[in-house]
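In what follows, residues are counted from 1 in the order of the sequence shown.
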Amino acid sequence: MSILVYIEQAEGKVKKTSLEAVSFAEALAAKTGEGDVVAIALGTISADELAGIGTAGASKVLHASDSKLDSGVIQAHASAIAQAFTSVGAKTLVLAKSSLGDAVAARLAIKLDAGLVSNVVSLPSTDQGYVVKRSIFTGKAFAETELKTENKILAIKKNSVDLKTNGAQAAVVPFEVSLSDSDFASKITSTERATGEVLLPEADIVVSGGRGMKGPENWGMLEDLAKTLGAATGCSKPVSDIGWRPHHEHVGQTGVKVAPSLYIAIGISGAIQHLAGVNSSKCIVVINKDPEAPFFKAADYGIVGDAFEVVPKLTEALKAEL
């Protein structure tokens, strides 16, 4: 018996959120005695990239290398994972919560007759039943959900797990899947991706600006800070609404929800809609000249000062250290 982990990839690279899911699964296996951790990867990925999944805690990686699986067709991925789940004798499937992961997990819950909990933030309690803690209300509260099914699916919230990096390389094993035409009844005809050196949904560090930046012509200093940190750039909704920044950079309840290790908010007051999109960040730093700005109440660190003075000095200091 093993715990199976669904691996997501982007252009042949394993996503960090999937590695977090592997580390969660390893800790879960140690707690419940469910055996080893086996990952299932789909599509075109190099053997070296797959072997690296072992550093996060997987002992073996099953690789279904069919290039038709590259595009992330939901039905096909669900069918392939269900076959792997049965093959390894798993009772638990772990995956990262994401737009693709949510859709795949929902289908697998039916295929596997499994209970599903999403937004999981910690290992389940097994003292009395199987109780899973999950984040709800955009991170403002937690709920405890009891799973009573034999098969279980856990979708892990980004940045809720300490990523293990000291494991051994995993054994990569080819895995043949049987897929029918019905698995590809839906087709992805085109994909439009936000451009930039670091994409906002995947970023570990985000530098975000608001109306306190006074105009689009002043965004250069934020971009300079972001480049220095290897960060993505974001903005508040009013900024994207008035056209200072593209809409795909809008962070908030109705925009992109992020969960980076570090979120730097510059000239953003901190409306509740914006906070709903960033409150899963591990560390929030706020720079604002208004000491009464609501964002300071949610910040781990705050700097009361003029962004046009603080940010250039911060960037200069970082360049000297990095």
Using a 3.5 Å distance criterion without hydrogens, assess whether the side chain of T32 forms a donor-acceptor pair with backbone atoms of L28.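 Indeed, once roles are kept as given, a pair shorter than 3.5 Å links the two residues.
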Check: N159 side chain, P260 main-chain N or O, donor-acceptor pair, under 3.5 Å: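 Confirmed, N159 side chain pairs with P260 backbone.
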Work out which heavy atom in [X] is nearest to a heavy atom in [Y]; give both atom names and the distance.
| X | Y | answer |
| --- | --- | --- |
| A232 | L200 | CB-CA, 3.8 Å |
| P246 | S240 | O-CB, 4.1 Å |
| A105 | I153 | O-CD1, 3.9 Å |
| T149 | G115 | OG1-N, 2.9 Å |
| L4 | A39 | CD1-C, 4.3 Å |

Transitively linked via ILVMFWY side-chain contacts under 4.5 Å: [X] with [Y]?
| X | Y | value |
| --- | --- | --- |
| L100 | V258 | no |
| Y6 | V22 | no |
| M213 | I303 | yes |
| I53 | V5 | yes |

Of I287, V278, V285, D290, which is the lone residue that meets side-chain contact (heavy atoms from CB on, under 4.5 Å) with F295?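 The side-chain contact (heavy atoms from CB on, under 4.5 Å) with F295 is passed solely by V278 among I287, V278, V285, D290.
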Trace of the side chain to side chain donor-acceptor pair (under 3.5 Å) decision for S186 with Q75: CA-CA 8 Å; S186 298; Q75 296 93 326; 2.9 Å; yes
Aromatic ring pairing Y263/H274, orientation class (parallel under 30°, perpendicular over 60°, tilted between):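 Correct class here is tilted.
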For side-chain contact (heavy atoms from CB on, under 4.5 Å), just list the numbers for K164 and E26, CA-CA rounded to whole Å, side-chain angles, deciding distance to a tenth of an Å, and then say yes or no. CA-CA 9 Å; K164 176 182 174 180; E26 187 199 38; 2.6 Å; yes
Has [X] got more than 12 heavy atoms of other residues, nucleotides or ligands less than 6.0 Å from its [atom1]?
| X | atom1 | value |
| --- | --- | --- |
| K282 | NZ | yes |
| K13 | NZ | no |
| K157 | NZ | yes |
| E146 | CD | yes |
| K289 | NZ | no |
| I136 | CD1 | yes |
| Q128 | CD | no |
| R107 | CZ | yes |

First locate atom CD of Q9, then atom CG of L42, and finally report the distance between them rounded to the nearest 0.5 Å.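 Nearest 0.5 Å value for the CD-CG distance: 8.0 Å.
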For S79 and D183, does a side-chain donor sit closer than 3.5 Å to a side-chain acceptor?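 Judged by distance alone, the side chains do pair up.
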Do E223 and T233 have side-chain N/O donor and acceptor atoms under 3.5 Å apart?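 Distance-only check fails for E223 and T233.
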Does the distance from a Lys or Arg side-chain N to an Asp or Glu carboxylate O, for K91 and E34, drop under 4.0 Å?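 Answer for the salt bridge query: no.
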Checking side-chain contact (heavy atoms from CB on, under 4.5 Å) for the pair S280/K158: CA distance, chi angles, key distance, verdict? CA-CA 8 Å; S280 293; K158 181 180 179 181; over 6 Å; no
Would you check, one step at a time, whether the test side-chain contact (heavy atoms from CB on, under 4.5 Å) holds for F85 with N151? CA-CA 10 Å; F85 190 87; N151 293 338; 3.9 Å; yes
Apply side-chain contact (heavy atoms from CB on, under 4.5 Å) to residues S118 and D102 and explain how you reach the verdict. CA-CA 8 Å; S118 188; D102 287 347; 3.9 Å; yes
